[in-house]
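A short worksheet on the structure shown next.
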Amino acid sequence: MSSPPIVSVKQVLRTEGVAVGDAVTIRGWIRTRRDSKAGLSFLQVHDGSCFDPVQVVAPGELDNYEDIQQLTTGASVICHGHVVESRGKGQSVEIKADAVEVIGLVDDPDTYPVPAKRHTFEYLREQAHLRVRTNTFSAIARVRHCLAQAIHRFFHDNGFYWVHTPIVTGSDCEGAGEMFRVSTLDLTNLPRTDAGEVDFSQDFFGKETNLTVSGQLNVESYCLALSKVYTFGPTFRAENSNTSRHLAEFWMIEPEIAFADLADDADLAEAFLKSIFKTLLEELPDDMGFFQQRIDETCIDRIEAFIESSFERMAYTEAIDRLEQAVAGGHTFEYPVQWGMDLQSEHERWLTETHVGRPVVVMDYPKDIKAFYMRMNDDGRTVAAMDVLAPGIGEIIGGSQREERLGVLDARIEEMGLEIDDYWWYRDLRRYGTVPHAGFGLGFERTMAFATGMANVRDLIPFPRTPRTATF
RNA sequence: UCCCCUGUAGCUCAAUUGGUAGAGCGAGCGGCUGUUAACCGCUAGGUUGCUGGUUCGAGUCCAGCCGGGGGAGCCA
């Protein structure tokens with residue numbers, strides 16, 4: 001038995017380690033089959049290795065030609081043949097088959113959920129187990145992988161360590177949004193305390209636990225020993241948010257740097273974003289070309305402009321001034337502009353798209369609209385927080401310098417009505433060799449949305465979890 | 001969670017003032033072709049999301065429930 005060597009569709013189409021005339025074996029799934037009554041059949045076969053399928057030409061002389069003519073979209077095959085220059089248009093090389101093994105047919109082609117035709121994204125979400133066989137979703141899968149690898153590579157090349165912060169966390173210490181409870185208690189027969197409350201001391205961990213909403217507090221611990229660290233993992237929010245930008249389970253990246261202030265943080269954010277998008281354009285030109293052609297005609301231009309731009313830095317107070325000047329000049333916003341408020345999406349878009357025309361880092365927000373751990377500025381009314389705003393999408397990164405002074409941190413915890421004992425180990429980091437440090441977070445799926453022009457994060461994660469939906 | 005829109009063949013959508021359901025794509029069969037969004041012809045395929053109500057009669061009107069989308073809030 002000497003089958004030709006197994007190669008990927010990508011190797012064939014790009015003649016990587018494969019030359020015209022070579023005998024090869026490819027394995028994959030049928031996208032379409034076209035028969036010629038001249039006695040041959042054209043099979044478009046994809047295997048996920050690249051955007052385009054390869055054309056396999058099956059001559060009528062093959063022993064199982066009748067079986068080959070039963071192949072429909074979605075069927076799986078192993079093809080043995082030779083790489084040849086194509087006689088048709090649309091591809092430079094193709095595979096002249098010497099044998100086509102039919103591995104798995106499609107039960108009922110009439111009801112195959114993803115035939116070779118156009119589908120809405122809403123429909124394909126209901127076929128999430130099969131949607132990755134389409135052009136769009138296989139391209140998304142490759143973009144997701146490419147960006148994930150680019151993120152790890154950027155941090156690794158810059159001396160960062162990847163830290164696996166816990167998925168299950170003790171309660172009360174994170175305070176960002178509704179959390180999913182983790183419990184092994186019998187819901188139909190909950191243990192009670194004398195006071196009649198649920199007795200979590202009998203639960204698996206002996207206390208209330210939840211799925212993480214952020215790895216930041218834990219990663220700060222590693223930052224104050226390893227200097228440069230980051231998290232990249234799943235994150236969970238039990239908020240009842242039904243929008244194109246929210247998931248109950250999503251992936252988040254959170255770098256943290258020691259001996260650093262907010263300006264260092266902004267510099268890191270800028271270098272980071274430019275690096276990963278540059279990698280994406282270099283490594284996946286076919287997939288990105290598809291997004292440009294079929295999903296968002298501006299997406300490559302937008303990313304290239306983003307990479308070329310220097311990010312504007314602007315204080316929150318200055319941003320408010322500019323917005324007020326715009327209002328005075330006749331521009332109307334749905335929400336009023338006033339110092340102390342959080343910037344609405346319309347304000348962010350005006351700043352980055354209309355006013356500056358480039359990415360903007362807004363810094364030093366009012367303390368009352370930001371989290372307890374953000375570092376108090378000398379003015380006593382703002383904290384060292386930043387948001388990176390990008391044209392066309394708005395906020396893409398949120399970050400801050402962390403409060404490293406124990407006394408100031410304690411005052412903030414108390415001021416915001418939090419329980420100081422819950423933060424004992426976080427406070428220890430300020431007691432034992434504290435240093436100025438900073439970090440930021442970005443949602444992976446939102447980053448992908450920016451890169452691809454896809455409108456809904458539910459289409460950017462393989463199996464989306466949203467309120468009332470966890471089908472797959 | 002709030003506001004708006006929406007649910008009709010496998011998919012995308014039609015269906016006049018309420019009168020008993022149609023097209024394109026896909027699928028099957030046939031024709032044609034080194035084809036590639038192929039093309040031409042024929043055929044099959046629907047308890048109109050669910051429950052109830054109004055009516056001689058409901059895809060169409062009303063109520064509730066369930067699902068989907070957009071926007072808002074929250075945020076990443």
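Order of the sequence lines fixes the chain letters, A, B, ..., with proteins taken first and strands second; residue numbering starts at 1 for each chain.
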Problem set entry | Heavy-atom side-chain contact between A:Val7 and A:Thr25 under 4.5 Å | no

Exercise. A:Met374 versus A:Tyr365: any side-chain heavy-atom pair under 4.5 Å?
Worked result: no

Nearest whole Å is fine: how far is [N] [atom2] from [X] [atom1]?
{"X": "A:Asp108", "N": "B:rG10", "atom1": "CG", "atom2": "P", "result": "11 Å"}
{"X": "A:Lys117", "N": "B:rA27", "atom1": "NZ", "atom2": "P", "result": "10 Å"}
{"X": "A:Leu442", "N": "B:rC75", "atom1": "CG", "atom2": "P", "result": "17 Å"}

Which nucleotide in the list [options] gets nearest to the side chain of [X]?
{"X": "A:Glu239", "options": "B:rC74, B:rG69, B:rG26", "value": "B:rC74"}
{"X": "A:Pro115", "options": "B:rU1, B:rG73, B:rG26", "value": "B:rG26"}
{"X": "A:Ser244", "options": "B:rU1, B:rG71, B:rG73", "value": "B:rG71"}
{"X": "A:Pro109", "options": "B:rG24, B:rG28, B:rG69", "value": "B:rG28"}
{"X": "A:Asn242", "options": "B:rG28, B:rG26, B:rU1", "value": "B:rU1"}

For this session: Treat primed atoms plus P, OP1 and OP2 as sugar-phosphate and everything else as base, then score nucleotides 32-50 of chain B 5' to 3': B for base contact with protein heavy atoms under 4.0 Å, S for sugar-phosphate contact only, - for none.
Result: BBBBB--------------

Exercise. Going by distance alone, is a donor N or O of one side chain under 3.5 Å from an acceptor N or O of the other, for A:Ser400 and A:Arg402?
Worked result: yes

Exercise. Do A:His246 and B:rC75 have a side chain to base donor-acceptor pair shorter than 3.5 Å?
Worked result: yes

For this session: Could you tell me whether the side chain of A:Ser241 has a donor or acceptor atom within less than 3.5 Å of a complementary atom in the base of B:rC74?
Result: yes

Exercise. Hey, are A:Glu346 and A:Arg349 close enough for a salt bridge, meaning a charged N less than 4.0 Å from a carboxylate O?
Worked result: no

For this session: Ignoring backbone atoms, establish whether A:Arg131 has a side-chain N or O less than 4.0 Å from OP1 or OP2 of B:rC11.
Result: no

Problem set entry | Atom pair CG (A:Leu343) and OH (A:Tyr335), whose distance is rounded to the nearest 0.5 Å | 13.5 Å

